[in-house]
Number of protein chains: 2
Amino acid sequence: MFIKLHRNAEELIRLSGGRATVGRIRILSILLAEQQAITHREIEQRLPQTLQLDRVTLYRALEWLAGKNLIHKVTSDDRVWRYHANRELHSHQQHAHFKCTRCAQVICLSDLPIERSWPLPIGYRFQEIELTVKGLCADCS
Amino acid sequence: MFIKLHRNAEELIRLSGGRATVGRIRILSILLAEQQAITHREIEQRLPQTLQLDRVTLYRALEWLAGKNLIHKVTSDDRVWRYHANRELHSHQQHAHFKCTRCAQVICLSDLPIERSWPLPIGYRFQEIELTVKGLCADCS
DNA sequence: AAATAAACGCAATAACGTTGCAATGATTTT
DNA sequence: AAAATCATTGCAACGTTATTGCGTTTATTT
Ligand SMILES: [Mn+2]
Ligand SMILES: [Mn+2]
Ligand SMILES: [Zn+2]
Ligand SMILES: [Zn+2]
């Protein structure tokens, strides 16, 4: 299972035209294995003891993966970025996220596509939308 | 005009059961005079030279005002809080915000009420929604 | 005017993320 | 297989936003 993700991750990285380093592969594998959007810290914790990366390296790898559209970043009111792998659905379609106000977990609401346009004042140009539903997750409610 | 806001601010503060300090009054006045949501820094800049408050005091005053529902905080992808006075419309109705991706200005889309509920996975409980439309403002587009 | 508790200012601290630069290592070329 | 190349890494320092502790000040009540 995880080995498969690992290979998949490596291929995705190569196809994006970047160097397939152990770090990048591992990070992307972790994100592919995860269903929720997780923080930099959480990714760090999921890295095996045998492969601890520097904080900075992790940040840079994530930035690179996001730039290649292999993952996306989710903003949040706690000022912490969360990262999530781009499944087929995600990559070219905007979607909403849910954040638990108690345990802070963030999930993708993949089945919640957002209309592309939105009524704005005159002269304003629409680019994208960021939507976070807040509440209690199943465990916390 | 501004003196009126000043009185209004003072009254709102007293009605909320807090001490009407010069700082709080001034801060709320500034937010009442502003149509966009502005940052801590921007509020600081709008304070008169004769009344420069400590950063911490400003943060605490804003927190207090938000707790009393006289203002609301807007989260953003630049990790900076923006603050906006609660007009009648705002206080009891959720609304969306717009952020310019070029000049970073944030405005309230007051006329864009959001449905109270939202379809969530089983077991999840809805509390509130945070919606930011991003794009270019009239000046930047 | 005195008493009281809330609010303030200052300094230190926390958290998240970024930048510069020399060392390393993945990939290509020979 | 070895050498060359340059993207990537690790480390240390830095930047920004926001928070906490604590002694002092001040708005409000008595
Ligand atoms: Mn997502
Ligand atoms: Mn608003
Ligand atoms: Zn939860
Ligand atoms: Zn703009």
Side-chain angles (χ1 to χ4, degrees), chain A residues 6-7 9-28 37-45 47-68 70-83 99 104 106, chain B residues 6-7 9-28 37-45 47-68 70-83 99 104 106:
Chain A
H6 202 272
R7 292 216 179 170
E10 179 167 356
E11 192 185 343
L12 288 169
I13 290 168
R14 288 193 193 282
L15 287 175
S16 297
R19 292 193 180 174
T21 64
V22 234
R24 281 181 183 170
I25 296 171
R26 197 78 201 200
I27 293 167
L28 184 52
I38 55 177
T39 66
H40 179 268
R41 275 290 168 81
E42 290 166 328
I43 296 170
E44 212 166 26
Q45 289 162 359
L47 284 171
Q49 284 297 339
T50 57
L51 176 58
Q52 288 293 335
L53 300 173
D54 189 79
R55 259 171 47 250
V56 178
T57 303
L58 185 41
Y59 276 119
R60 288 199 266 231
L62 289 167
E63 213 53 50
W64 186 86
L65 291 167
K68 294 298 184 184
L70 295 176
I71 65 174
H72 63 278
K73 298 165 74 170
V74 184
T75 187
S76 164
D77 53 10
D78 59 9
R79 311 172 5 110
V80 179
W81 288 107
R82 285 176 176 74
Y83 304 86
K99 181 173 183 202
V106 172
Chain B
H6 202 271
R7 292 215 178 170
E10 178 167 358
E11 193 185 344
L12 288 168
I13 290 167
R14 288 193 193 283
L15 286 175
S16 298
R19 291 194 181 174
T21 66
V22 233
R24 280 180 183 171
I25 296 171
R26 197 78 201 200
I27 293 167
L28 184 51
I38 57 178
T39 65
H40 178 268
R41 274 291 166 81
E42 291 167 329
I43 296 170
E44 212 167 25
Q45 289 161 1
L47 285 170
Q49 285 296 341
T50 56
L51 176 57
Q52 289 293 334
L53 299 173
D54 188 79
R55 262 172 41 252
V56 177
T57 303
L58 185 41
Y59 276 118
R60 288 199 265 231
L62 289 167
E63 213 53 49
W64 185 87
L65 290 168
K68 292 299 184 183
L70 295 176
I71 65 175
H72 63 278
K73 297 166 75 170
V74 183
T75 185
S76 165
D77 51 12
D78 60 7
R79 310 170 11 106
V80 179
W81 289 107
R82 286 176 176 74
Y83 304 86
K99 180 173 183 201
V106 173

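Note on naming: letters A, B, ... go to the chains in the order of the sequence lines (proteins, then strands), and numbering restarts at 1 for each one.
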How would you list all residue pairs meeting side chain to side chain donor-acceptor pair (under 3.5 Å) that involve residues 10-22 of chain A, not counting sequence neighbours?
A/Glu10-A/Arg14

Tell me the side chain to side chain donor-acceptor pair (under 3.5 Å) pairs involving residues 52-61 of chain A, sequence neighbours left out?
none

Minimum heavy-atom separation for B/Leu58 to B/Ile43, with atom names?
CD1-CG2, 3.9 Å

Residues from residues 74-82 of chain B lying under 4.0 Å of DNA chain D - heavy atoms
B/Arg79, B/Val80, B/Trp81

So if I take the C1' atoms of five pairs at each end of the helix from C/dA1-D/dT30 to C/dT30-D/dA1 and get each local axis, what angle do the two axes make, rounded to 10 degrees?
30°

Does B/Val80 have any side chain to side chain contact (heavy atoms under 4.5 Å, CB included) partners at least two apart in sequence or in another chain, and if so, which?
B/Thr39, B/Asp78, B/Arg82

Tell me, please, which residues at least two apart from B/Glu42 pass salt bridge (charged side-chain N to carboxylate O under 4.0 Å, His left out).
none

List the residues meeting side-chain hydrogen bond (donor to acceptor under 3.5 Å, both in side chains) with A/Glu44, not counting sequence neighbours, and say none if there are none.
none

Check: B/Ile13 and B/Trp64 side chains under 4.5 Å, non-hydrogen atoms:
yes

Flag the pair A/Val74 / A/Trp81 as yes when at least one side-chain heavy-atom distance between them is below 4.5 Å, and no otherwise.
no

Provide the closest heavy-atom pair for B/Leu62 versus B/Ile71 in the form atom of the first, atom of the second, distance.
O-CD1, 3.5 Å

For B/Ala61, all residues meeting side chain to side chain contact (heavy atoms under 4.5 Å, CB included), sequence neighbours excluded
B/Arg24, B/Ile27

For A/Thr75, side-chain hydrogen bond (donor to acceptor under 3.5 Å, both in side chains) partners two or more places apart:
none

For nucleotides 3-13 of chain C, read 5' to 3', which letter fits each nucleotide if B means a protein heavy atom sits under 4.0 Å from the base, S means only the sugar-phosphate is that close, and - means neither?
--BBSSBBB--

Does this structure show an ion pair linking A/Lys73 with B/Asp77, if we count only N-O contacts that are shorter than 4.0 Å?
no

Note: chain A reaches DNA chain D at heavy-atom distances under 4.0 Å over the stretch, first to last nt, 5' to 3', of D/dC6 to D/dA18

Between C/dA15 atom C1' and A/Glu42 atom CD, what is the distance in whole Å?
15 Å

